[in-house]
Novice: 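Take this structure first; my questions come after.
Every heavy atom of this structure was used, including side-chain atoms; hydrogens, water molecules and symmetry mates were not.
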Amino acid sequence: DLVCERICGLARIVRSNALAGMENVALWHERDISHSSVERMILPDSTMILYYLLRKTTGLIDALLVYPQNMAGNMEKTKGLFFSQSVLLALIRGGLTREDAYKRVQRVSMECWKTGQDFKSAVEQDADIRSRLSDKELQGCFDIHAQLRNVNRIFQRAGLLP
């Protein structure tokens, strides 16, 4: 079943209905038939679509199977490449432009992708990147706990944790 694709597609319709509603705002003081005709279409359509989307999303999440060991294995297959954004941002904080930082990280990442080398080892061996990051900054780039630090807060905001 293509539930996720349906959810994404119908979400576009709701967003486009929101745009039509926002176009009504500019003329609230001059209400004419153009306002009510839009509202007669987008309000019932949007509420029905949203109800459907919520039911489908809830069903999807209820049936979701999570395999933490497989997730960890998939992350390990990248040999740490998912930390490349942290290295990029550290280089930018260190004074490089985004473009220059991107070129450096991309060069090392692509080499790791081709050779299978561990990304952290490659970064540690790259003189250009090493000259711009202290040992502490570099270690911070590869801290998985820093990557996940806001997960509980996100779940709390979504009402999924107390």
Side-chain angles (χ1 to χ4, degrees), residues 1-23 25 42 46 49-162:
D1 195 12
L2 305 172
V3 174
C4 291
E5 290 179 4
R6 213 173 324 143
I7 289 169
C8 289
L10 290 173
R12 284 189 214 122
I13 293 175
V14 174
R15 283 193 305 272
S16 68
N17 285 352
L19 176 62
M22 293 302 291
E23 288 179 355
V25 172
I42 66 171
S46 295
I49 293 170
L50 283 170
Y51 175 75
Y52 177 81
L53 289 173
L54 287 170
R55 289 195 56 198
K56 287 297 171 188
T57 303
T58 300
L60 181 70
I61 291 171
D62 286 344
L64 188 65
L65 299 175
V66 178
Y67 299 101
Q69 299 83 0
N70 290 358
M71 293 169 68
N74 287 336
M75 289 174 64
E76 289 170 17
K77 287 178 185 177
T78 73
K79 306 245 183 190
L81 281 171
F82 56 89
F83 288 115
S84 61
Q85 181 182 18
S86 296
V87 176
L88 173 83
L89 294 175
L91 290 170
I92 293 169
R93 282 191 301 272
L96 285 179
T97 65
R98 181 171 183 77
E99 293 77 20
D100 288 340
Y102 184 85
K103 287 176 188 174
R104 287 166 172 81
V105 172
Q106 184 184 42
R107 177 179 41 77
V108 174
S109 297
M110 293 307 293
E111 187 61 29
C112 289
W113 190 256
K114 290 176 189 173
T115 65
Q117 181 182 7
D118 178 72
F119 181 65
K120 183 177 181 185
S121 299
V123 169
E124 289 173 338
Q125 294 168 13
D126 187 87
D128 189 28
I129 292 176
R130 288 293 301 164
S131 69
R132 299 176 181 280
L133 298 177
S134 70
D135 289 340
K136 184 178 179 180
E137 289 171 319
L138 187 62
Q139 292 309 313
C141 292
F142 292 92
D143 179 6
I144 191 69
H145 300 293
Q147 298 282 328
L148 302 173
R149 70 184 174 272
N150 293 314
V151 169
N152 285 343
R153 186 177 313 154
I154 292 166
F155 283 129
Q156 286 171 336
R157 289 172 70 186
L160 300 172
L161 287 177

Novice: State which residues pass salt bridge (Lys or Arg N to Asp or Glu O under 4.0 Å) with Arg93; sequence neighbours excluded, sorted by chain then number.
Specialist: none

Novice: What distance do Gln85 atom CD and Ile92 atom CD1 have between them, rounded to the nearest 0.5 Å?
Specialist: 9.0 Å

Novice: Could you tell me if the side chain of Val123 sits less than 4.5 Å from the side chain of Phe83, heavy atoms only?
Specialist: no

Novice: Tell me, with the steps shown, if Arg130 and Asp135 meet side chain to side chain contact (heavy atoms under 4.5 Å, CB included).
Specialist: CA-CA 8 Å; Arg130 288 293 301 164; Asp135 289 340; 2.4 Å; yes

Novice: Is the side chain of Thr58 donor-acceptor paired with the backbone N or O of Arg55 at a distance under 3.5 Å, no angle test?
Specialist: no

Novice: Given side chains that start at C-beta, do those of Glu111 and Arg107 come closer than 4.5 Å, heavy atoms only?
Specialist: no

Novice: Heavy-atom distance under 4.5 Å between the side chains of Leu10 and Val14, does that happen here?
Specialist: no

Novice: Check this for me: Arg98, atom CZ, are more than 12 non-hydrogen atoms of other residues, nucleotides or ligands nearer than 6.0 Å?
Specialist: no

Novice: State, with a plain yes or no, whether a side-chain heavy atom of Val108 is found less than 4.5 Å away from one of Gln125.
Specialist: no

Novice: Salt-bridge test for Asp126 and Arg104: reply yes if a basic N is under 4.0 Å from a carboxylate O, no otherwise.
Specialist: no

Novice: Quick one: ring-ring contact (aromatic ring centres under 6.0 Å, His included) partners of Phe82, sequence neighbours excluded?
Specialist: none

Novice: Just verifying a value: how many Å separate Gln69 CD and Met71 CE, rounded to the nearest 0.5 Å?
Specialist: 10.5 Å

Novice: Take Val87 and Phe119 through the test side chain to side chain contact (heavy atoms under 4.5 Å, CB included) and record every step on the way to the result.
Specialist: CA-CA 10 Å; Val87 176; Phe119 181 65; 3.9 Å; yes

Novice: How about CD on Gln147, more than 12 heavy atoms from neighbouring residues, nucleotides or ligands closer than 6.0 Å, or not?
Specialist: yes

Novice: Does Leu60 reach the side chain of Lys56, with side-chain heavy atoms less than 4.5 Å apart?
Specialist: no

Novice: Give, for atom CG of Leu50 and atom CG of Asn17, the distance between the pair rounded to the nearest 0.5 Å.
Specialist: 9.0 Å

